[in-house]
Amino acid sequence: MLQETTIPQPRCSSSEVGGAEPDFSVAENLCRVASNEWVNDEYKHLVLDAPDVALRALPGQFFHLACPPDVDGAALLRRPMSLYKVAPTHRQIEFLYKVHGVGTRGLARLEVGNQLDALGPVGRGFALPANAKHILLLARGVGLATLTPLADLARTLKVSVTAVLSARTPDLIMSADYLREAGAQVVIVTDDDKTSDVEHVETLVREIHATRPLDYVATCGSNRLLILLQRLAMQLDIPGQIALEQHMGCALGACYACVRPFKKQACADQLTYRRVCWEGPVFDLQETVSW
Ligand code: FES
């Protein structure tokens with residue numbers, strides 16, 4: 001049984017942030033678990049039957065999950081989880097998550113038929129430029145899951161996608177098949193063979209741009225890839241965005257637990273502070289301060 005309780009939402013101020021004017025309705029969705037399977041030694045794929053409001057989730061938005069208890073105890077706070085996929089025809093939302101703490105260990109225990117309280121969708125998603133023809137997705141680790149829905153959006157808009165996927169080892173590369181099915185050109189780089197080195201990734205991105213100019217770049221999951229992409233995008237004059245991961249409290253813009261510093265504008269020295277849950281989690285690439 002699915003339930004949704006819509007929470008009245010003030011609109012975010014857009015005066016300091018990039019991207020489209022947010023217009024999201026957050027609801028507390030009680031979702032039935034349709035499946036929760038391991039995809040490799042570290043990650044699980046969770047599929048939930050979802051009500052209408054959850055099915056309106058956009059690439060880059062997230063849900064705040066009330067994780068069930070693990071054998072070692074229960075997480076005090078909900079866990080933010082970026083959207084991996086929406087399947088409206090099956091009325092399902094999907095997540096790809098790394099099992100590494102009390103919250104995600106609790107999630108890993110969910111079985112088919114259990115219920116999960118998923119607050120969302122929350123936040124500002126990605127905003128592709130209106131004239132985009134070829135975009136780059138550059139992701140590592142769990143960032144692969146966050147960027148994957150962008151390929152679906154790009155296909156809908158007839159935008160070509162090149163995805164560079166980075167991981168420690170080949171078995172930790174996820175989403176490659178999904179991205180290929182969405183029409184993306186996929187390039188895999190790993191620590192194992194040192195192709196994930198920043199120098200190699202820089203050469204790769206320059207070659208991709210020289211072969212077919214990029215008009216938008218997006219990244220998630222790695223500080224060193226953020227720094228690299230900021231530099232390349234600045235030199236090549238390409239707009240871009242990043243989806244940030246952050247510990248959160250309320251995820252509703254009220255507690256300020258998720259505040260981070262940002263540059264007031266690209267290249268500016270002056271800093272400002274923004275809530276990742278509310279003004280993000282997707283931000284302008286050049287305004288983001290690396291960590
Ligand atoms: Fe409470 Fe962002 S988590 S304001």
Side-chain angles (χ1 to χ4, degrees), residues 4-31 46 48 53-54 56-69 73-84 93 95-98 100-107 116-127 141-143 145-147 149 218-221 223 226 241-264 271-285 287-291:
E4 60 179 67
T5 308
T6 302
I7 299 169
Q9 292 299 300
R11 285 172 176 252
C12 307
S13 162
S14 62
S15 60
E16 289 192 274
V17 293
E21 175 69 19
D23 186 14
F24 47 87
S25 296
V26 181
E28 189 172 15
N29 310 286
L30 292 182
C31 302
L46 174 63
L48 302 176
V53 68
R56 291 197 286 269
L58 299 170
Q61 288 192 302
F62 68 95
F63 286 79
H64 213 28
L65 305 181
C67 302
L76 286 177
L77 300 173
R78 289 173 181 258
R79 293 290 188 267
M81 188 75 63
S82 57
L83 180 73
Y84 176 56
I93 54 174
F95 302 92
L96 203 54
Y97 63 99
K98 185 175 184 177
H100 65 107
V102 64
T104 47
R105 283 200 301 271
L107 279 185
L116 179 65
D117 180 334
L119 181 75
V122 190
R124 290 167 170 268
F126 294 99
V142 78
T146 306
L147 292 194
T219 189
C220 183
N223 191 45
L226 163 64
Q241 292 182 301
I242 181 171
L244 291 176
E245 300 155 15
Q246 182 79 351
H247 291 299
M248 292 184 187
C250 67
L252 292 171
C255 74
Y256 287 74
C258 63
V259 166
R260 291 175 66 128
F262 292 83
K263 295 173 194 165
K264 266 202 155 174
L271 295 180
T272 185
Y273 291 84
R274 297 172 185 158
R275 297 161 292 183
V276 172
C277 74
W278 206 242
E279 279 87 33
V282 177
F283 292 93
D284 180 89
L285 186 71
E287 293 178 6
T288 301
V289 174
S290 58
W291 57 93

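What you see is a predicted model; the values in this text were computed from it and never measured. Just follow the structure's listing: the first ligand is 1, and inside any ligand the first atom is 1.
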Next on the checklist: Is there a salt bridge (Lys or Arg N to Asp or Glu O under 4.0 Å) between Glu287 and Arg274? Walk through the geometry before answering.
Outcome noted: CA-CA 11 Å; Glu287 293 178 6; Arg274 297 172 185 158; 2.9 Å; yes

For ligand 1, which atoms, with element, lie under 4.0 Å from some heavy atom of [X]?
X      : result
Cys258 : 2 (Fe), 3 (S), 4 (S)
Met248 : 3 (S)
Cys250 : 1 (Fe), 3 (S), 4 (S)

Checklist entry - Would Asp117 and Arg78 count as a salt bridge (Lys or Arg N to Asp or Glu O under 4.0 Å) if you check the C-alpha gap in whole Å, the side-chain angles of each, and the deciding distance to 0.1 Å? => result CA-CA 9 Å; Asp117 180 334; Arg78 289 173 181 258; 3.0 Å; yes

Checklist entry - Do Tyr256 and Tyr273 make the cut of ring centroids closer than 6.0 angstrom? => result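 Centroid distance Tyr256-Tyr273: not below 6.0 Å, so no.
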
Next on the checklist: Please confirm whether the ring centroid of Phe262 lies under 6.0 Å from the ring centroid of Phe283.
Outcome noted: yes

Item to check | Criterion side chain to side chain contact (heavy atoms under 4.5 Å, CB included) against Ile242, the qualifying member of Val282, Leu226, Asp284 | outcome: Leu226

Next on the checklist: Given Ala257, Gly280, Ala251, Ala254, identify the one with the heavy atom nearest to atom 3 (S) of ligand 1.
Outcome noted: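 Going through Ala257, Gly280, Ala251, Ala254 one by one, Ala251 has the nearest heavy atom to atom 3 (S) of ligand 1.
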
Checklist entry - Is any side-chain heavy atom of Arg275 closer than 4.5 Å to a side-chain heavy atom of Leu252? => result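 Side chain of Arg275 against side chain of Leu252, heavy atoms only: no contact under 4.5 Å found.
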
Item to check | Non-hydrogen atom of Tyr256 closer than 4.0 Å to ligand 1 | outcome: yes

Checklist entry - From atom 1 (Fe) of ligand 1 out to just under 2.8 Å, does an N/O/S atom of Cys277 turn up? => result no

Checklist entry - Do any of the N/O/S atoms of Cys255, backbone or side chain, fall under 2.8 Å from atom 1 (Fe) of ligand 1? => result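 Checking Cys255: at least one N, O or S atom is under 2.8 Å.
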
